[in-house]
Amino acid sequence: LMSEEPVRGMLEMNEANLEDENIGRLVSYLHKLQNVTGLEPKGKLLFLRGQESTGDYIERALQRAAEMGVLDKVRA
């Protein structure tokens, strides 16, 4: 379910204000991936087709972290 959600919307959530603990951890991990890799999600506007899914962003960020040699910094 979460892998189909647009990642940009997920990154704009504040994990401290989320009621669902699992979503909060996911949002925190997405921020960690963004901070370590410097990658921004693809797509500009929220909730429009063509945006990168959360799963696709995680895959792309992990590939970048591997290329950078910093996979150990993005462990969940």
Side-chain angles (χ1 to χ4, degrees):
L1 173 69
M2 296 311 278
S3 66
E4 298 303 317
E5 294 295 321
V7 70
R8 186 170 298 279
M10 295 293 290
L11 284 168
E12 291 178 356
M13 292 180 180
N14 180 348
E15 60 266 18
N17 293 331
L18 295 173
E19 292 180 17
D20 186 319
E21 183 179 330
N22 291 327
I23 293 176
R25 285 194 298 235
L26 174 61
V27 171
S28 178
Y29 186 63
L30 292 172
H31 282 283
K32 183 178 189 176
L33 287 173
Q34 186 177 34
N35 290 336
V36 171
T37 65
L39 288 178
E40 293 286 330
K42 294 179 180 177
K44 297 293 182 193
L45 301 174
L46 288 176
F47 308 116
L48 296 178
R49 292 191 185 271
Q51 284 196 4
E52 185 171 36
S53 72
T54 302
D56 290 341
Y57 175 76
I58 291 172
E59 181 179 346
R60 188 167 62 91
L62 289 174
Q63 288 173 347
R64 172 65 65 87
E67 292 167 1
M68 296 169 64
V70 293
L71 274 175
D72 59 318
K73 291 184 180 181
V74 294
R75 286 186 179 218

Open item on the list: To the nearest 0.5 Å, what is the distance between CZ on R64 and CD on Q34?
Closed with: 12.0 Å
Open item on the list: Donor-acceptor pair, distance only, cut-off 3.5 Å: does the side chain of K32 make one with the backbone of R75?
Closed with: yes
- [ ] State whether the number of non-hydrogen atoms from other residues, nucleotides or ligands found under 6.0 Å of R60 atom CZ is greater than 12.
- [x] yes
Task: D56 side chain vs E52 backbone, donor-acceptor pair below 3.5 Å - done: no
Task: Pairwise distance OG1(T37) to CD(E67) - rounded to 0.5 angstrom - done: 10.5 Å
- [ ] Look up atom CD in Q63 and atom CG in L71, then write down how far apart they are to the nearest 0.5 Å.
- [x] 10.5 Å
Task: Gap separating the CG atom of L39 from the CE atom of M68, nearest 0.5 angstrom - done: 8.0 Å
- [ ] Enter the distance from L62:CG to Y57:OH here, rounded to the nearest 0.5 Å.
- [x] 9.5 Å
TODO: Supply the atom-to-atom distance I58 CD1 to L26 CG, rounded to the nearest 0.5 angstrom.
DONE: 5.5 Å
